[in-house]
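In what follows, a single structure is set out as structure tokens and then discussed.
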Amino acid sequence: MTEAVSDFNLGETIVFWVCGGLAVLGALGMIISRKAVHSALFIALTMINLAILYVANAAPFLGMVQVIVYTGAVMMLFLFVLMVVGVDSSDSLVETIKGQRFAGLLLGIGLGLLLTVGIGSALTTSGDIGLTAANDAAGGNVQGLAQLMFDDYVVAFQATAALLITAAVGAMVLAHRERWTPRKSQPELSEERFRDGGHPGNRPSPGVYARHNAVDTPALLPDGSTSLDSVPGPLRARDDVRDVDPADVDEIRELTKGVDS
Amino acid sequence: MNPANYVVLAAILFSLGAIGVLVRRNAIIVFMSVELMLNAANLAFVAFARMNGNLDGQVVAFFVMVVAAAEVVVGLAIIVTIFRTRKSASVDEPNLLKY
């Protein structure tokens with residue numbers, strides 16, 4: 001068996017192991033991490049490393065497209081949808097099919113072993129012709145790809161154009177929500193505000209007695225009691241409203257004694 | 001070392017994506033795993049293009065990227081629509097159909 005002709009030099013070996021390892025780590029992290037946002041970031045890591053591997057494989061154009069289309073557009077779209085769907089939409093631990101998780105893991109590992117062992121033994125004698133000749137014939141990688149795309153594959157190229165337009169229209173149709181009720185006008189909104197239970201004006205701002213300016217400090221009413229309306233709702237719900245020091249109230253009352261109110 | 005290592009790496013990434021599809025229940029993560037499988041196939045295409053000294057593999061990988069982008073747009077729109085009506089992004093929810 002003769003050694004295959006190869007331009008796989010030491011530098012590329014290092015790039016392969018570092019980027020390949022990071023790509024596998026990213027893929028593992030995507031499967032393991034509990035939060036969907038972490039999964040998205042891990043898979044972005046994998047995709048960036050794959051872009052570097054494309055460049056190392058004499059495909060600089062595909063490397064750039066990978067960064068722009070996948071890490072730039074697709075992953076950011078994923079993050080946007082995660083924001084819409086809710087960041088904390090984590091997995092349910094209930095198995096609808098008994099033992100499905102374990103079986104899936106087993107089958108996946110089996111598939112991986114079969115693929116790697118099969119490919120590894122089949123490709124030991126494979127050659128490495130390299131793309132230098134093909135690229136030089138066209139005057140460069142991008143020129144070579146362009147020649148193929150607009151000549152041999154022009155029908156497929158047109159079909160992808162149609163596919164992209166269909167996808168854009170489909171996304172618009174699917175994401176569109178019909179408005180069933182007419183939009184509320186300004187008079188209607190203001191009427192709603194004055195209806196019972198509403199609060200017509202601005203609510204008092206918190207912390208206005210010149211001792212604190214934190215939002216968890218309630219405003220003081222003229223009689224020295226506190227107004228819970230002045231504290232933001234989430235703080236009230238979490239019971240995080242700061243108690244007012246009676247000494248502070250007395251001090252302010254002392255200071256404003258002579259002032260006409 | 002020879003470029004066949006890239007194909008083996010692609011096989012590993014593909015099986016990791018398959019495990020993700022089989023094990024995870026969040027529709028968005030399942031979708032990300034599908035993207036990972038597409039990327040692994042792309043890596044194999046690029047490695048084969050280099051091994052055979054032929055640019056056709058790179059063109060096919062480019063077409064795969066275009067199709068994947070279109071697929072992501074429609075798939076995520078479907079997930080958002082399902083989430084609006086069901087308030088859940090779990091792939092197990094449609095099992096209610098059997099009752």
Side-chain angles (χ1 to χ4, degrees), chain A residues 4 6 8 13 16 20 23-24 27-28 30-31 36 39 43 47 50 53-54 57-59 62 65 69 74 77-78 81-82 84-85 89 91-92 96 101 104-105 107-108 111-112 115-116 119-120 123 126-131 133-134 144-145 148-149 153 156 160 163-164 167 170-171 174-175, chain B residues 1-9 11-20 22-26 28-29 32-33 35-36 39 42-43 46-47 49-56 58-59 61-63 65-74 76-81 83-84 89-90 92 95:
Chain A
S6 174
F8 213 104
T13 311
F16 174 79
V24 171
L28 277 175
M30 179 204 63
I31 298 174
S39 289
I43 193 119
M47 283 169 176
L50 282 180
L53 289 181
Y54 290 168
N57 255 318
L62 281 184
V65 172
V69 171
V74 170
L77 198 60
F78 266 109
V81 169
L82 278 177
V84 171
V85 167
S89 58
D91 272 10
S92 69
T96 23
R101 213 170 287 257
L105 197 65
L107 286 175
L111 173 73
L115 279 178
T116 45
I119 291 171
L123 291 179
S126 62
D128 179 11
I129 299 173
L131 285 169
L145 281 180
L148 278 175
M149 226 179 278
Y153 292 93
T160 53
L163 175 75
L164 278 177
L174 282 171
Chain B
M1 290 287 284
N2 70 16
N5 291 27
Y6 285 111
V7 186
V8 174
L9 174 67
I12 293 173
L13 288 176
F14 187 88
S15 1
L16 283 174
I19 292 176
L22 291 172
V23 172
R24 297 305 298 260
R25 299 267 61 90
N26 186 333
I28 297 176
I29 297 180
M32 283 182 213
S33 305
E35 290 304 308
L36 180 64
N39 264 294
N42 269 351
L43 182 63
V46 171
R50 178 236 188 118
M51 284 156 73
N52 294 317
N54 196 333
L55 279 174
D56 287 26
Q58 292 194 8
V59 175
F62 178 73
F63 282 135
M65 281 183 191
V66 176
V67 172
E71 171 236 340
V72 162
V73 169
V74 176
L76 286 178
I78 291 174
I79 289 178
V80 169
T81 316
F83 182 79
R84 266 200 208 133
S90 169
D92 274 348
N95 76 334

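Letters go in sequence order (proteins before strands), and every chain restarts at 1. The structure displayed is predicted, hence computed values, not measured ones.
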Given heavy-atom pairs under 4.5 angstrom as the criterion, report whether the side chain, backbone, both or neither of A:Ala156 touches chain B.
both
Side chain, backbone, both or neither: which part of B:Leu13 has a non-hydrogen atom closer than 4.5 Å to chain A?
side chain
Let's test your reading of the structure: which of A:Leu28, A:Leu50, A:Leu105, A:Val65 forms the most heavy-atom pairs below 4.5 Å with chain B?
A:Leu50
Is there side-chain contact between A:Leu131 and B:Gln58, with heavy atoms separated by less than 4.5 Å?
yes
Nearest heavy-atom neighbours spanning A:Gly104 and B:Leu22
O-CD1, 3.5 Å
How close do B:Ala61 and A:Leu62 get, counting heavy atoms only, and between which atoms?
CB-CD1, 3.7 Å
Heavy-atom distance under 4.5 Å to chain A: side chain of B:Asn52, backbone, both or neither?
backbone
Between A:Thr116 and B:Ala11, which heavy-atom pair has the shortest distance, and what is it?
CG2-CB, 4.1 Å
Nearest-0.5 Å distance that lies between atom CE in A:Met149 and atom CG in B:Asp56:
11.0 Å
What distance do B:Asn5 atom CG and A:Thr13 atom OG1 have between them, rounded to the nearest 0.5 Å?
8.5 Å
Test side-chain contact (heavy atoms from CB on, under 4.5 Å) on A:Phe16 and B:Leu9; report intermediate values, then the result.
CA-CA 9 Å; A:Phe16 174 79; B:Leu9 174 67; 4.1 Å; yes
Of the listed B:Ile79, B:Val80, B:Ile19, the one with the largest count of heavy-atom pairs under 4.5 Å with chain A is B:Ile19
Within-4.5 Å side-chain heavy-atom neighbours: A:Met30 and B:Arg24
no
Closest non-hydrogen atom pair between A:Tyr153 and B:Val59, with its separation:
CD1-CG1, 3.8 Å
For the atom pair CE (B:Met51) and CG (A:Asn57), what is the distance rounded to the nearest 0.5 Å?
10.0 Å
What part of B:Asn54 lies closer than 4.5 angstrom to a heavy atom of chain A: side chain, backbone, both or neither?
backbone
Of the non-hydrogen atoms in B:Ala69 and A:Val74, which two are nearest, and what is the gap between them?
CA-CG2, 4.5 Å
Leading residue by heavy atom contact count with chain A [cutoff under 4.5 Å; candidates B:Leu76, B:Asn39, B:Leu36, B:Leu16]:
B:Asn39
Starting at CG of A:Leu148, measure out to CZ of B:Phe62 and round the result to the nearest 0.5 Å.
12.5 Å
Just give me the residue among A:Leu145, A:Leu115, A:Val69 that pairs up with chain B most often, heavy atom to heavy atom, under 4.5 Å.
A:Leu145
Heavy-atom pairs under 4.5 Å with chain A are the metric here; pick the option from B:Val8, B:Leu55, B:Asn42 that has the most.
B:Leu55
Between B:Glu71, B:Glu35, B:Arg84, the one whose heavy-atom pairs under 4.5 Å with chain A are most numerous
B:Arg84
So what's closer than 4.5 Å to chain A heavy atoms on B:Leu43: side chain, backbone, both or neither?
both
Which atom names give the shortest non-hydrogen contact between B:Thr81 and A:Leu174, and what distance separates them?
OG1-O, 3.1 Å
Do you know which of A:Ala175, A:Gly170, A:Ser39 has the most heavy-atom pairs with chain B at a distance under 4.5 angstrom?
A:Ser39
Chain B contact via A:Val24 - which portion, at a heavy-atom distance below 4.5 Å:
both
Between A:Leu77 and chain B, with a heavy-atom cut-off of 4.5 Å, which part of the residue counts as in contact: side chain, backbone, both or neither?
both
